[in-house]
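Position 1 is the first residue of the sequence; numbering continues from there. Numbering of ligands and ligand atoms starts at 1, following listing order.
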Amino acid sequence: MTSTENKDSVRGTNKSSEKSFEIMRKFSEAYAKRTGTYFCADLSITTAVVEGLAKHKEELGAPLCPCRFYEDKEAEVKASYWNCPCVPRQERKECHCMLFLTLYNPHPGDRQDLEIVEVKYEE
Ligand code: SF4
């Protein structure tokens, strides 16, 4: 599926395909369980981050962190520093997207599975 088709996917405007979203949802749940981290109490944040990862995986072939600005996304994917789980998360347990929270972060929830909530995105 091309990014043009994704723009108005059956899931809504500016969203990934169902398949890509499910891949990243399963990855996020498995990683949270493996690392003892939790999703945010506000699941719209978690849903939006998983959506961003899914779109990047679909468009770039890798789940580049969706919470940063990049001059050149393809170069960033090759560098792999910000491919999820990024180096700051792996080395220092830092997830600035608030996807994988420890109990020491603000707003940790108690879930490691994602109840998807409806989030609408601007074009
Ligand atoms: Fe993934 Fe790192 Fe972005 Fe968190 S900050 S969503 S671990 S890439």
Side-chain angles (χ1 to χ4, degrees):
M1 187 176 283
T2 67
S3 57
T4 309
E5 288 169 306
N6 292 341
K7 199 169 177 218
D8 293 310
S9 93
V10 290
R11 298 182 53 247
T13 301
N14 209 12
K15 293 185 179 177
S16 71
S17 67
E18 183 78 35
K19 183 178 173 196
S20 296
F21 187 90
E22 279 303 300
I23 288 170
M24 293 317 303
R25 181 179 67 79
K26 284 181 182 154
F27 155 78
S28 300
E29 291 178 346
Y31 188 82
K33 286 169 189 162
R34 182 157 58 83
T35 57
T37 53
Y38 293 89
F39 296 148
C40 184
D42 180 351
L43 285 175
S44 67
I45 290 176
T46 312
T47 302
V49 176
V50 171
E51 188 76 63
L53 288 169
K55 279 183 65 76
H56 275 167
K57 177 149 182 59
E58 204 162 69
E59 293 167 4
L60 304 165
L64 187 66
C65 185
C67 310
R68 302 179 58 81
F69 171 77
Y70 309 97
E71 292 283 347
D72 184 339
K73 288 185 177 181
E74 280 81 12
E76 293 288 351
V77 165
K78 282 192 189 125
S80 81
Y81 187 93
W82 288 113
N83 291 344
C84 192
C86 61
V87 172
R89 168 55 225 169
Q90 293 184 58
E91 292 189 348
R92 300 190 298 277
K93 300 184 172 28
E94 293 172 4
C95 173
H96 66 272
C97 292
M98 296 179 66
L99 179 57
F100 303 115
L101 299 177
T102 71
L103 296 177
Y104 301 105
N105 291 121
H107 318 301
D110 58 2
R111 302 190 65 137
Q112 293 172 315
D113 53 6
L114 176 58
E115 179 189 330
I116 300 162
V117 297
E118 182 62 25
V119 182
K120 291 203 165 85
Y121 304 99
E122 300 292 320
E123 285 198 53

Closest approach of Cys95 to Arg89 (non-hydrogen atoms, all atoms of both residues): CB-CD, 4.5 Å
SB check Glu74 Lys78 (cutoff 4.0 Å): no
Atoms of ligand 1, numbered as shown, that sit under 4.0 Å from any heavy atom of Arg89: 7 (S)
Among His56, Glu51, Lys55, Glu22, the one residue meeting side-chain hydrogen bond (donor to acceptor under 3.5 Å, both in side chains) with Ser16: Glu51
Heavy-atom donor-acceptor pair, Glu94 side chain to Pro88 backbone, under 3.5 Å: no
Which of the ligand 1 atoms, numbered from 1, are nearer than 4.0 Å to a heavy atom of Cys86: 2 (Fe), 5 (S), 7 (S), 8 (S)
Partner of Cys97 under side-chain contact (heavy atoms from CB on, under 4.5 Å), chosen from Val49, Val50, Leu53: Val49
Atoms of ligand 1 close to Cys97 [distance to a heavy atom under 4.0 angstrom, numbered from 1]: 3 (Fe), 5 (S), 6 (S)
Cys65 near atom 2 (Fe) of ligand 1 via N/O/S, less than 2.8 Å: no
For atom 4 (Fe) of ligand 1, the protein heavy atom that lies nearest, with its residue and separation: Cys95 SG, 2.4 Å
Greater than 12 external heavy atoms within 6.0 Å of Asp110's CG: no
Element-labelled atoms of ligand 1 that are located less than 4.0 Å from some non-hydrogen atom of His96: 5 (S)
Nearest protein heavy atom with distance in Å, relative to atom 1 (Fe) of ligand 1: Cys84 SG, 2.4 Å
